[in-house]
Amino acid sequence: MAAPRAYWKGTLKLSLVSCPVALYPASTTVEKTRFHMINRETGNRLKQQMVDTETGDIVDGDQKGRGYEVSKGKYVEIEKDELEAVQIESNHTIDIDSFVPEGEIDKRYLDHPYYIRPDGKAGVDAFAVIRDAMKDQDRVALARIVLTNREHVIAIEPLDKGMLGTTLRYPYEVRDADDYFDDIKSPKVTKDMIELAGHILDSKAAHFDPSKFKDEYETALKALVRRKAAGKPIKAAEREEKPSNVVSLMDALKQSLKDRKGGARRSTARRPTSHRRAAKKAHRSSARSRKAG
């Protein structure tokens, strides 16, 4: 198998310590099923063309340019050499600015992951020193890197023998949560409900294991393509009818716990007393509700 091609090569720099490194994308969409646009009459693949929105004419490659819309329908053209004038000088250097605790990085800022490894034998020692120092102090480096002509902040952390670099979004790229959460009401829920929900969580307790992630839609797409290519008929799967009966939140919690009784038994082996106490409280609460009704 041929070695993967590096996405970026340059120098990782910490003060006066530096080493040549290479970046490789840590994620891929190669295995995903992709469709092409085709001519249904000929079966030939279609290609896209750039068309002038006003004249409808097809625009040749040498007529294409970049423009920024300064007002409705008015654009200022930006030339390639003008863009190069604002290039960041350190476009082949990862400059480490600071080290922060990993837990302080807001997950909303995480963007694209990259594997970072030494590029050649010359800087392996320096690479190992930077990597192991971060391991010892449980810190993540924040650095600057230029990718596709734009400067990014990148978070770098040890990963196995190498490092993982994840580009971060800038604050203006992250939407304010208050715009979405401000009008959420704060209802009063009983302690009994929270305890019952806690037991359901216990019954579903697990460890993070991405090997168990199954892309069922991708699997179905591949099966569809295979059947179609083999000339077999395609039948739409019948959808299961979901019960529409409305139950109270407390009843739903109780039923969920009952449905998970196998897992619940495993979890209650660790704290049987609290489970019985929660069940008794729930029973008393339900009885009080019936009496009040």
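Since the model is a prediction, treat every value here as computed from it, not as a measurement. Throughout, residue positions are numbered sequentially from 1 according to the sequence presented. Below, each value reflects all heavy atoms present in this structure, side chains not excepted, and no hydrogens, waters or symmetry copies.
- Applying the ring pair (Phe, Tyr, Trp, His ring centres under 6.0 Å) definition to pairs two or more places apart or across chains, those involving residues 109-148 are Y7-Y114.
- Residues satisfying the salt bridge (Lys or Arg N to Asp or Glu O under 4.0 Å) test with K222, not counting sequence neighbours, are E218.
- Side-chain contact between E104 and E102 is absent, with no heavy atoms from C-beta onward closer than 4.5 Å.
- Here H36 pairs with R45 under the side-chain hydrogen bond (donor to acceptor under 3.5 Å, both in side chains) rule; sequence neighbours left out.
- The minimum heavy-atom distance linking T190 with M250 is given by the pair OG1-CE, 4.3 Å.
- In this structure D136 satisfies the side-chain contact (heavy atoms from CB on, under 4.5 Å) test with no other residue, sequence neighbours excluded.
- Taken to the nearest 0.5 Å, the CD atom of Q63 stands 9.0 Å off from the CG atom of D52.
- At least one side-chain heavy atom of I234 sits less than 4.5 Å from a side-chain heavy atom of L224.
- Minimum heavy-atom separation, A126 to V17: CB-CG1, 3.9 Å.
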| task | Could you go through the side-chain contact (heavy atoms from CB on, under 4.5 Å) check for K214 and T219 one step at a time? | result | CA-CA 8 Å; K214 304 299 178 187; T219 302; over 6 Å; no

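- Interatomic distance, CD1 of I116 versus CG of L23, reported as 4.5 Å (0.5 Å rounding).
- Judged by distance alone, with hydrogens and angles left aside, the side-chain atoms of D60 form no donor-acceptor pair with the main-chain N or O of D62 at under 3.5 Å.
- With R139 contributing its side chain and F99 its backbone, the two residues share a donor-acceptor pair below 3.5 Å.
- Listed by first and then second residue, the ring pair (Phe, Tyr, Trp, His ring centres under 6.0 Å) pairs involving residues 140-197 are Y170-Y172 (not counting sequence neighbours).
- Not counting sequence neighbours, the partners of R108 by the salt bridge (Lys or Arg N to Asp or Glu O under 4.0 Å) test are D106.
- Partners of S98 by side-chain contact (heavy atoms from CB on, under 4.5 Å), not counting sequence neighbours, listed by chain and number: V100, L142.
- Across V59 and V51, no two heavy atoms sit closer than the pair CG2-C, 4.4 Å.
- A 6.0 Å sphere centred on CD of E54 holds no more than 12 heavy atoms belonging to other residues, nucleotides or ligands.
- In this structure, L159 and R131 have side chains that are not in contact, with every pair of non-hydrogen atoms separated by 4.5 Å or more.
- In this structure the side chain of L12 never reaches within 4.5 angstrom of the side chain of L14, judged on heavy atoms.
- Considering only heavy atoms from C-beta on, M134 comes within 4.5 Å of M163 through its side chain.
- Scanning both residues, P233 and R227, for their nearest heavy atoms gives O-NH2, 3.1 Å.
- Atom CD in Q49 sits 4.0 Å away from atom CD1 in I58 (nearest 0.5 Å).
- Residue I145 holds its CD1 atom at 9.5 Å from OG1 of T93, rounded to the nearest 0.5 Å.
- The hydrophobic clustering, which links ILVMFWY residues whose side-chain heavy atoms are closer than 4.5 Å, places L147 and I96 together.
- Without hydrogens or angle criteria, T11 side chain to K13 main chain gives no donor-acceptor distance under 3.5 Å.
- You'll find the side chain of I154 stays beyond 4.5 Å of the side chain of R144, heavy atoms only.
- In this view, D138 satisfies the side-chain hydrogen bond (donor to acceptor under 3.5 Å, both in side chains) rule with no residue, not counting sequence neighbours.
- For K9 against A22, the heavy-atom pair with the smallest separation is CG-CB, 4.1 Å.
- Checked against side-chain hydrogen bond (donor to acceptor under 3.5 Å, both in side chains), T55 has the following partners two or more places apart in sequence or in another chain: D57.
- Linking ILVMFWY side-chain heavy atoms closer than 4.5 Å, directly or via other members, places F35 and Y217 in a single hydrophobic cluster.
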Please tabulate, for the side chains in residues 64-83, all donor-acceptor contacts under 3.5 angstrom to protein atoms that are two or more places apart in sequence or on a different chain.
| from | atom 1 | to | atom 2 | distance (Å) |
| --- | --- | --- | --- | --- |
| E69 | OE2 | G73 | N | 3.0 |
| E82 | OE1 | E79 | N | 2.7 |

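- Annotation: salt bridge (charged side-chain N to carboxylate O under 4.0 Å, His left out) contacts involving residues 21-44, sequence neighbours excluded, comprise K32-D215.
- The side chain to side chain contact (heavy atoms under 4.5 Å, CB included) test with I156 is passed by exactly one of L164, V140, I94: I94.
- Shown here is K235, whose NZ atom has no more than 12 heavy atoms of other residues, nucleotides or ligands within 6.0 Å.
- Between the side chain of T42 and the backbone N or O of N44 there is at least one donor-acceptor pair closer than 3.5 Å.
- Qualifying side-chain hydrogen bond (donor to acceptor under 3.5 Å, both in side chains) partners for S27, counting only residues two or more places apart in sequence or in other chains: none.
- Taking 4.5 Å as the limit, some side-chain heavy atom of L110 sits within range of a side-chain heavy atom of K107.
- Note that NE2 of H199 is 13.5 Å distant from OG of S256, once rounded to the nearest 0.5 Å.
- Minimum interatomic distance between T166 and D111 (heavy atoms only, all atoms of both residues): CG2-N, 3.8 Å.
- Taken to the nearest 0.5 Å, the SG atom of C19 stands 4.5 Å off from the CD1 atom of I130.
- Counting only N and O atoms by type, the side chains of S211 and D209 include a donor and acceptor under 3.5 Å apart.
- Under the 3.5 Å distance criterion, the side-chain polar atoms of W8 are matched with a main-chain donor or acceptor of V146.
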